[in-house]
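Encoded as C-alpha cells, the structure appears first; notes follow it.
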Amino acid sequence: MNNVSSQLFEAAGLMGLGMVFVFAFLSLTILAIKVLSLVAAEPVSRPVAATAMPVGNGLSPQKLAAIGAAINHYKNNKKD
C-alpha cells in the first residue's frame, strides 16, 4: 500500500511540474508576441491639417458627369 501512495505522490509532482512548464511556456509566448507586435508596429503618422480644395479643381462638368456615369454603371453591374 505504501508503494501505491508514493507513486501517486510522484505522479502528482510530475503533473504539477508539467503544468508549471506549460504555463511558463505559454506566458513567455504571449509576452514574446506582445513585444514583437510593439517592435513591428508601423509608426503612427501625425494627422495632417485639412486643406481646402481649390475652387477650380480642373475638372469640367462633362468629366464629372462621365465619372458619375461610370460609377453608376459599375454599381449597377456589381449587383448582378
Side-chain angles (χ1 to χ4, degrees):
M1 187 81 172
N2 193 13
N3 191 16
V4 173
S5 63
S6 68
Q7 286 180 344
L8 285 175
F9 282 125
E10 186 178 352
L14 286 174
M15 182 181 68
L17 186 64
M19 290 172 66
V20 167
F21 277 124
V22 168
F23 180 77
F25 177 76
L26 291 177
S27 298
L28 288 175
T29 303
I30 291 171
L31 180 68
I33 289 172
K34 288 188 182 239
V35 168
L36 287 174
S37 68
L38 290 176
V39 169
E42 294 180 13
V44 177
S45 62
R46 296 182 184 185
V48 178
T51 58
M53 290 186 62
V55 175
N57 57 4
L59 292 177
S60 67
Q62 291 86 9
K63 287 184 182 179
L64 286 175
I67 292 170
I71 291 172
N72 285 334
H73 180 72
Y74 173 75
K75 285 183 179 179
N76 288 336
N77 287 340
K78 190 175 182 182
K79 290 180 184 177
D80 292 338

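Small disclaimer: the values here were computed from a predicted structure and weren't measured.
Other cluster members for Val22: Phe25, Leu26, joined by side-chain heavy-atom distances under 4.5 Å among Ile, Leu, Val, Met, Phe, Trp and Tyr.
Of the inter-residue distances, the one linking Ile71 atom CD1 with Asn76 atom CG reads 12.0 Å to the nearest 0.5 angstrom. Note: Ile33 CD1 to Leu38 CG = 12.0 Å, rounded to the nearest 0.5 Å.
Contacts of Gln62 classified as side-chain hydrogen bond (donor to acceptor under 3.5 Å, both in side chains), with partners at least two apart in sequence or in another chain: Ser60.
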Review item, side-chain donor-acceptor pairs of residues 7-20, under 3.5 Å, at least two apart:
none

